[in-house]
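FYI, side chains are in, hydrogens and waters are out, and symmetry mates aren't considered; it's all heavy atoms of this structure. Just so you know, residue 1 is the first one in the sequence shown, and it goes up from there.
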Amino acid sequence: QHQQQHQQQQFGQYQYVQPPTFVRHTGGRPGSDSESTDVPSPRSRSSDDEAESSRRRWTAGSVQAASPMAKIAQNFSLVASKSFGDDRNYQVMSSMEQNMASDVELCWPDMGVRVKGQQNVQSFSQSFLSSMPDLQMSIEAVTEDGPSYGMIEYTVSGTQSRPVLPMFPVGKWVQWRIYSRYEFDQASKVRVHQIRFGFVPNAPVTSAHFLGLARCARMLASTSGGSRLLQEAIEMCPDITDVRNKEFLISPVQGHVWEMSLSPHGNHVVQKLIMHLFPHQLQFIVDEFRGHVAEAAQNQMQSRVLERLLEHCAPLQTAGLAEEALRQAPLLLRHSFGNFVLQGILDYGLPEHRSRLVRAIAGDAERLARHNIASNTVRKALRSSAPADQEALVEALRSDPKGFQNLCKHKTGSFVARELKHLGKGFDHLK
């Protein structure tokens, strides 16, 4: 209810859908946040050659007159004209009306925004145009993908005088690259218009960008394209000179780390913050995981966040988290996600925590070495533990010569046996 009121304050009377909720995934360990942000074409093509033959790309000023995108480009030219005022607005609205289907839909998926109907879309567009008296727009490229689809890349800059789009902070000049994707009906009128924001290549990123992102950071983090935009913004902050800009991005995350880390998109934003903030700035993330480490370590998204904390925080800072994980070591050693958290403790934890984990492994070494998941942590312990702990683990593995011979022949245990043999002097007799 609070979010709906906040959206109404930001966007006014237009119809919006709720942004995607944070989703908890329990499947396989993900790679990276690399899904496409554009609406996939529902058409199927027989070959790449056919797809390429129907796709044309033009730079500004070279749009083909016969193309359905030509009328759209004409609208942009009207908006970009130097003559501001009622006459220009009338021309823009009139041209838009001629080019739009009656059931046209304007979408901003990264913000959960959807405006339906020709009149509402026109009203929304007019509200945005009138809110930026210094609006400047330039078309960078136009792409046509057959008779039904097209895209325009354009740069928009200006100062919003009242809140219409949150990415343009009121009273702050800002510049964005916008990608507008169009879907046309059989009459070559716009049926769907989808927009996506990005940074202007090779242009400076200012505090106005971060202020605009901060106003809608949690909504952006819940979507694929929005997550990547936030990650790019975090990467653009130098460690020292832009601490204030980082604070803009920290404040929306505070108190929401748990839900964001459960999101297939939001967890990447949390990870990126951990990788680019100073350790003392990460304490709020550490605090939100206290008391829930065992649960988080068994989640494919949150386990990654725990790994990043272990990597980038001081060992004393994450000592409490490591302590919680060690209490559940027998479970996590055999868990497909939890074992990575324990391996992080072996790499980055306090010496006493590393020693406790190795000795816990030594207590059940042979069975863990045969386990298809736990064996990975056993191998890590053999490679990276302190000499005394390593010796204790080696002794546990070779205490039963017959058992070790069987381990060498086991499909999983053989990798542990090979690791043990590679330790060098003193193990040549093990065959």
Using atom types as modelled, flag every donor-acceptor pair under 3.5 Å from a side chain in residues 169-177 to any protein atom, sequence neighbours excluded.
| unit_1 | atom_1 | unit_2 | atom_2 | d |
| --- | --- | --- | --- | --- |
| W176 | NE1 | M167 | O | 2.8 |
| R177 | NE | T155 | OG1 | 3.1 |

Margin query: Does atom CZ (R162) have a neighbourhood of more than 12 heavy atoms from anything else shown, all under 6.0 Å?
Written below: yes
Note to self: Restricting to side-chain contact (heavy atoms from CB on, under 4.5 Å), what partner residues turn up for E105, sequence neighbours left out?
What the structure shows: C107, R114, K116
Note to self: Taking salt bridge (charged side-chain N to carboxylate O under 4.0 Å, His left out) as the definition, give me every residue that meets it alongside E352, ordered by chain and number, with sequence neighbours left out.
What the structure shows: none
Next item on the list: State which residues pass salt bridge (charged side-chain N to carboxylate O under 4.0 Å, His left out) with R383; sequence neighbours excluded, sorted by chain then number.
Entry: E419
Check: What pairs with D389 under side-chain contact (heavy atoms from CB on, under 4.5 Å), at least two apart in sequence or on another chain?
Finding: S355, V358, R359, S385, A386
Item checked: Where at least one partner belongs to residues 325-334, residue pairs that pass side chain to side chain donor-acceptor pair (under 3.5 Å), sequence neighbours excluded -> R334-D364
Check: Can you name the salt bridge (charged side-chain N to carboxylate O under 4.0 Å, His left out) partners of K189, sequence neighbours left out?
Finding: none
Next item on the list: Mind checking side chain to side chain donor-acceptor pair (under 3.5 Å) for D103 and listing every partner two or more places apart, or none if nothing turns up?
Entry: none
Next item on the list: Not counting sequence neighbours, which residues clear side chain to side chain donor-acceptor pair (under 3.5 Å) with R354? List them please.
Entry: none
Checklist line | With sequence neighbours excluded, residues passing side-chain contact (heavy atoms from CB on, under 4.5 Å) with S414 | finding: none
Item checked: Residues in side-chain contact (heavy atoms from CB on, under 4.5 Å) contact with Q271, at least two apart in sequence or another chain -> N267, H268, R304, V305, R308
Next item on the list: Go through the structure and list residues passing side chain to side chain donor-acceptor pair (under 3.5 Å) with E324, not counting sequence neighbours.
Entry: none
Note to self: Tell me if a side-chain donor or acceptor on Q390 pairs with a main-chain N or O of S384 at a distance below 3.5 Å.
What the structure shows: no
